[in-house]
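To keep things clear, I will list the structure first and then write my remarks on it.
Residue numbers start from 1 in every chain, and the chains themselves are labelled A, B, ... in the order their sequence lines are given, proteins ahead of strands.
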Amino acid sequence: MKKYIHEDIEKKWQERWHESAIYQLDSKGANNPYFNLMMFPYPSAEGLHVGNMYAFTGSDIWGRYMRMQGYDVFEPIGLDGFGIHSENYAIKIGEHIRDVSKRTEKHFYEQLMMTGNQYDWTRRVETYNPNYYKWTQWLFVQMYRHGLAYRKKATVNWCPSCKTVLSDEQVEGGKCERCKSETTTKDMEQWFWRITDYADRLLKNLEWINWSEEVKIGQKNWIGKSVGINITYKVQDSEETVTCFTSYPETNFGATFVVLAPEYPEVLKITKKNHLNEVNKYIEKAKKKADIERIAEGKKKTGVFTGSYCLNQLTGYKMPIYVTDFVLGHVGTGAVVGVPGHDLRDFQFAKQFDLEVIRVMKTYDGDESVIDKEEKVNHDGIMMNSEFLDDLDHKEAREKIMDYIEKKGWGKKTVNYKLRDWCISRQRYWGPPIPMIHCQKCGWVPVPEKDLPVLLPDIEKFEDVLPDGSGLGPLAKQKDFVETTCPKCKGKAERETDVSDPFVDSCWYFLRYPSTEFDYVPFDKKRTEKWLPVDMYIGGKEHTVLHLLYSRFVTMALNDWGFINFEEPFERFFGHGLLIKEGAKMSKSKGNVINPDEYIQKYGADAVRLYLMFLGDFEQGGDWRDTGMRGMHRFVKKVWSLFKDIGEEGKGVKNMSIVHRTIFGVEKDIKRLSYNTAIAKIMSFVNWYKESAKDFTANERTEALETLCLVMAPFAPHITEELWEKLGNKYSIHQHGWPKYNKDLIKEEEVTIAVQINGKLRDTILVQAGASQREIEKVARESEKVKKYLKQKVKKVIFVKDKIISFVV
RNA sequence: GCCGAGAUGGCGGAACUGGUAGACGCGUCGGACUUAAAAUCCGAUGGGGUUUAUCCCCCGUGUGGGUUCGACUCCCACUCUCGGCACCA
C-alpha cells in the first residue's frame with residue numbers, strides 16, 4: 001500500500017466532488033431539503049482566519065452527517081465583503097478597496113476550497129456584487145414604502161481629530177481607536193429602520209425557537225423590556241408638564257426631585273429666566289461629551305437647577321427640577337423622578353445637591369433606619385411611609401399604585417424597551433448606496449425598482465474614497481452620482497450619499513442563496529418555501545444580538561408584507577465557542593495567529609479538521625496546541641495504515657459488538673455537537689482494531705473498516721473517500737447512508753458492578769448484565785475485601801441495576 | 001455594577017438524568033528497531049503511604065459549609081478567569 005500523501009488525496013477528491021456536483025442544490029428533486037447555514041465571513045485580506053475554519057468545520061460536519069441521514073443538504077458560502085472592516089484594512093495598506101476586495105475574494109475562495117467543506121460553489125453570494133446589493137437596496141425601498149424606514153436627527157460619535165463619524169465599536173473608552181483623541185458627539189440626520197415596532201414579537205418568539213438559553217437570554221436582555229408607568233407632573237407657574245417613566249412607582253411617596261436629560265426638548269421652556277444662562281452652559285458642555293465619557297465619570301453626579309418645581313401629587317412635595325447628564329435623552333421619556341432612598345443614582349445626586357432622602361421601604365430584615373449611605377439604598381422590601389401602601393410587599397404595592405395613579409388620571413401604564421431603532425446610515429464609501437433621492441418639491445422619493453441597483457460609483461482616486469470630515473460620505477463629492485432627476489416630478493434632485501450599515505447586507509443573505517440564478521426577484525417564492533427557514537445555523541456567539549436580531553426583524557417584516565411564509569429565519573441556532581492558542585487570545589500584535597494554510601499544507605485538511613474539533617468542546621471553544629496538531633496527524637496516518645491488510649483471513653472473533661457501540665456512540669455525540677468526544681470514540685475504536693485485527697476474518701475486517709470510514713466521513717471527508725474506494729466501494733461515501741447499529745449488540749453482556757460500603761468503593765465485581773440484586777449481593781458478600789467491612793450489621797442495601805451495590809453499616 | 005459561561009493530573013480536555021473521577025489526546029519516563037537521529041511500535045504515568053510482589057490504605061474535581069448510603073454533578077455563601085452589556089430610571 002502506498003504512503004499517505006494528503007496533498008494528492010485531498011486535491012483528487014476535491015476535484016472529483018466538483019466535477020460530479022454532488023453538493024449542488026438539486027433544484028428539481030430534493031425530497032428532504034435541509035438548509036445548513038454557516039455565517040459567511042467578512043474577508044480580511046490577510047486571508048481565512050483559523051477561527052473561520054473552526055466554525056465552518058463544525059458546521060460542515062453537521063451538514064455531512066445530515067446528508068448521511070438522508071437529507072438533501074444545501075450548504076452555501078459567500079463573502080460579507082462590503083463594510084468598514086474591509087475598507088479600514090484597505091485604507092491601512094493604502095490601496096483601493098475595489099482592488100483589495102478582488103484579490104481577497106480569490107484568495108478566500110481558494111482557501112475555503114482547501115478545507116474540504118461540502119459547499120455548493122455555484123451559489124456564492126458576495127455582498128458587494130451589484131446583482132446582490134441591488135436587492136439590499138430593494139429591501140430598503142420596501143422598508144421605506146411600509147413605513148419602517150424613516151429619517152431623524154441622531155447623535156453620533158465624532159472624532160474631531162480624524163474629522164469623521166465613528167461607529168460605537170470604534171470608540172474605546174471615550175477615545176478614538178485610531179488617534180486616541182477624545183471623541184464628542186454630533187447631531188446628524190440619519191436613516192433608521194423601525195425595529196422597535198417588532199420588539200414585542202422578537203421577544204415573544206424566543207419562547208418557541210430552538211436556540212440555546214444563553215443566546216435567548218442575550219437577546220432578551222438586549223431588547224430589555226421593562227413595564228412601568230409614565231407619570232405626568234405639572235410644572236408650577238407654567239403651562240409645561242414633565243412626564244417621567246418609572247418601573248418602580250411604588251416608591252413614589254419618597255420622590256423628592258425631578259431630573260431632565262440635557263437633550264430633553266422642553267428644557268429651556270421649563271427653565272426660569274434667571275437660570276437660563278447656567279442651564280445653557282451645562283447643556284453645551286454635555287453635548288460635547290459622548291455617552292461613554294458620561295459614564296466614565298462614574299458616581300460623581302453633576303447637574304444644574306432650572307429654578308422650577310413640580311408637585312408630587314401623592315405627597316404634595318414640591319420637587320425641584322434639575323438638568324443632569326446621567327439621564328439619557330433616548331431612554332424612557334428623558335425625564336426621571338428622583339427617589340433617593342431607593343435608587344443608587346438618585347441617592348448620589350441627592351447627596352451632591354443636598355436634597356431630602358425619604359425612606360419608603362424597610363428591608364425584609366425590618367431595617368427602617370435613615371438612609372444615609374449608599375450601602376443602605378434598597379430596591380426591594382416592605383412599604384412604609386406610604387399611606388395605603390404601608391406593610392405591603394413592594395411588588396404588590398407596585399400593582400396597586402399603578403392602578404391608583406391611572407384612576408386618578410396622573411399617568412398611564414407603559415412598556416419601555418432598551419432596544420432602539422436601527423441607525424443604518426454610514427458616511428462611508430464601501431457599502432450599498434441608500435436608494436433614496438431628495439427633491440426640493442417632492443421631498444424624499446425612493447428609487448423605483450426598475451432603476452435598481454444604484455451602482456456604487458467606481459471612484460478612481462484612492463484619496464477620494466476616504467472619509468473627509470465634512471460629515472458627509474465620500475459619495476457626496478461625486479457630482480455625477482449626486483445629481484439626478486426626481487422619479488416623481490422629473491425635476492432636478494439629489495441622491496442620498498450615505499451607504500448602509502454592513503449589517504443590512506448580512507441581515508437577509510440566507511434568503512438569496514437558494515435563488516442566486518434569478519435576477520428579477522431577490523428570492524424566488526417556490527424556492528424559498530422549499531428551502532427556508534434555515535434548518536441549522538452555526539456561528540459565533542458574538543453575533544448573539546446584532547446580526548441575529550436584525551435577521552429576525554427583517555424576516556418578520558418580509559413575512560408581514562407577504563413575501564415569505566415564515567417569520568423566524570433560523571429554526572435552530574448553535575453558537576460555538578472561541579478558539580484560543582496556548583491559553584491566550586490570538587492577535588496580530590501578539591504574533592500568535594494561526595494561519596490554517598500552513599497547517600493544511602503540512603498535515604492535510606483532514607488532520608486539521610479533526611484536530612480543530614478534537615481540542616475542546618465545540619460549544620465551549622478550545623485551546624490550540626501545535627503538539628496536539630502533531631498528535632492528530634499521527635492518528636490520521638495510523639488510520640491509513642490499518643488498511644494494508646484488507647482481505648487477509650484470520651480465525652475470526654466472536655464479538656464485533658464494539659462496531660455497533662461505536663456507531664451508536666459517535667452518532668449520539670454528533671447529535672449534540674459534542675465532536676471532541678465523538679472523535680475520542682473513533683480513536684478508541686482504532687486502538688481496538690489494532691489490537692484485535694490479527695484474528696479477523698476478511699469479512700470482519702471489511703465490516704470494521706467500512707464502519708470506520710463511515711463514522712469518520714463527516715470529520716475527515718477526503719481520506720475516508722479514498723479508503724472507501726480502496727475497500728472496493730462505489731463513489732461517493734458522502735452519498736452513502738449513516739451506518740445502522742444493531743440495538744441488541746450495543747448492550748454489554750457483562751458489566752462491572754461497584755461495591756460500596758458507606759459510599760466508599762471497596763471492590764468491583766464482574767457479573768452478567770441485568771443480574772438481580774439478590775445474585776449480586778450474594779457475590780459481593782463473598783468478596784474478601786468486602787467481608788472485612790461487613791462485620792457490623794448491615795442497615796440498608798442500595799442497588800442500582802448494572803451500576804452499583806452499596807451497603808450501609 | 002448587571003447578565004452569561006467557566007474553574008477537574010505536568011498540559012488540552014472526558015464523566016449521559018447524583019452511582020467505579022481523570023475517557024481520548026499531548027507531554028514525560030522506560031523499552032524495541034536503527035551506526036545514529038527522525039519516524040514507527042510496546043509499556044508506565046493524579047499525589048502520598050505500604051509491600052519482595054500481587055495486593056492494600058489514605059488524600060484528591062477553585063474555597064468554605066450543607067443535603068445524601070454516595071456529590072465534579074444538587075443547595076447556600078465566597079474567590080478567581082473569560083465573554084457580553086453598561087447610569088435603562
Review point. Checking all strands, does A:Thr333 fall into the base, sugar-phosphate, or nothing category for heavy-atom contacts under 4.0 angstrom?
Key: nothing
Check your understanding: NA contact type, A:Leu615, heavy-atom cut-off 4.0 Å: base, sugar-phosphate, or nothing?
Key -> sugar-phosphate
Review point. How is A:Arg345 classified with respect to the nucleic acid when contacts are heavy atoms under 4.0 Å: base, sugar-phosphate, or nothing?
Key: base
Practice item. Mind checking A:Asn758 for me? I need base, sugar-phosphate or nothing, with any heavy atom below 4.0 Å counting as a touch. Key: sugar-phosphate
Practice item. Can you tell me, in whole Å, how much space there is between the C1' of B:G27 and that of B:C76? Key: 40 Å
Check your understanding: Closer than 4.0 Å, any side-chain N/O of A:Asn687 to the OP1 or OP2 of B:G25?
Key -> yes
Check your understanding: What nucleic acid atoms does A:Asp346 come within less than 4.0 Å of, heavy atoms only: base, sugar-phosphate, or nothing?
Key -> nothing
Practice item. Report yes if at least one side-chain N or O of A:Arg634 is closer than 4.0 Å to OP1 or OP2 of B:G27; otherwise report no. Key: yes
Point to revise | Rounded distance in Å between the P positions of B:U61 and B:U51 | key: 28 Å
Practice item. Determine the interatomic distance between C1' on B:U79 and the same-named atom on B:C42; round to the nearest Å. Key: 46 Å
Check your understanding: B:G65 and B:C59: how far apart are their P atoms, nearest whole angstrom?
Key -> 15 Å
Check your understanding: Do the side-chain N or O atoms of A:Arg762 get closer than 4.0 angstrom to the phosphate oxygens (OP1, OP2) of B:C57?
Key -> yes
Review point. What does A:Lys690 touch in the nucleic acid at a heavy-atom separation under 4.0 angstrom: a base, only the sugar-phosphate, or nothing?
Key: sugar-phosphate
Exercise for review: Describe the nucleic acid contact of A:Gln756 in one word from base, sugar-phosphate, nothing, applying a heavy-atom distance below 4.0 Å.
Suggested key: base
Review point. Are A:Phe807 and A:Tyr789 close enough that their ring centres sit under 6.0 Å apart?
Key: no
Check your understanding: How would you label the contact of A:Tyr789 with the nucleic acid (heavy atoms, under 4.0 Å): base, sugar-phosphate, or nothing?
Key -> sugar-phosphate
Revision key, fill the gap. Heavy-atom nearest nucleotide on RNA chain B taken for A:Tyr417 and for A:Ile679; more 5' hit belongs to A:Ile679
Practice item. Taking the six-membered ring for Trp and the single ring otherwise, decide whether the centroids of A:Phe614 and A:Tyr675 are under 6.0 Å apart. Key: no
Check your understanding: Between B:U8 and B:A23, how far is it from one C1' atom to the other, in whole Å?
Key -> 13 Å
Exercise for review: Would you mind classifying the nucleic acid contact of A:Gln620 as base, sugar-phosphate or nothing, using non-hydrogen atoms under 4.0 angstrom?
Suggested key: sugar-phosphate
Review point. Is any side-chain nitrogen or oxygen of A:Lys760 closer than 4.0 Å to OP1 or OP2 of B:C59?
Key: yes
Check your understanding: Would A:Ile805 and A:Val800 satisfy side chain to side chain contact (heavy atoms under 4.5 Å, CB included), going step by step from the backbone distance to the final call?
Key -> CA-CA 6 Å; A:Ile805 183 149; A:Val800 181; over 6 Å; no
Review point. For A:Glu250 and A:Lys395, what are the C-alpha separation, side-chain angles and deciding distance, and is it a salt bridge (charged side-chain N to carboxylate O under 4.0 Å, His left out)?
Key: CA-CA 8 Å; A:Glu250 70 273 19; A:Lys395 279 204 174 137; over 6 Å; no
Practice item. For A:Lys785, answer base if it contacts any base atom (sugar-phosphate contacts may also be present), sugar-phosphate if it contacts only those atoms, and nothing otherwise; contact means non-hydrogen atoms under 4.0 Å. Key: sugar-phosphate
Check your understanding: For B:G13, does either OP1 or OP2 sit under 4.0 Å from a side-chain N or O belonging to A:Tyr611?
Key -> no
Practice item. Classify the nucleic acid contact of A:Asn676 as base, sugar-phosphate or nothing, counting any heavy atom under 4.0 Å across all strands shown. Key: sugar-phosphate
Review point. Base, sugar-phosphate, or nothing: which does A:Ser684 touch, judged by heavy atoms less than 4.0 Å apart?
Key: sugar-phosphate
Exercise for review: Provide the distance between the two C1' atoms, one in B:U68 and one in B:U73, to the nearest whole Å.
Suggested key: 13 Å
**Study point:** Separation of the P atoms in B:C72 and B:G66, to the nearest angstrom
**Key:** 15 Å
Check your understanding: For A:Phe715, is the NZ or CZ atom of A:Arg609 found under 6.0 angstrom from the centre of its six-membered ring and inside 45 degrees of the ring axis?
Key -> no
**Study point:** Glycosidic conformation of B:G43, taking syn as within 90° of 0 and anti otherwise
**Key:** anti
Review point. Just checking A:Phe807: base, sugar-phosphate only, or nothing, at a heavy-atom cut-off of under 4.0 Å?
Key: nothing
Check your understanding: Checking A:Arg552 against A:Trp211: charged group under 6.0 Å from the ring centre and within 45 degrees of the axis?
Key -> yes
Review point. For atom P, what is the distance between B:A44 and B:A38, given to the nearest Å?
Key: 23 Å
Review point. Within the pair A:Ser247 and B:C88, is there a side-chain N or O less than 4.0 Å away from OP1 or OP2?
Key: no
**Study point:** Toward the 5' end of RNA chain B, by each residue's nearest nucleotide, A:Gly631 or A:Ser806
**Key:** A:Gly631
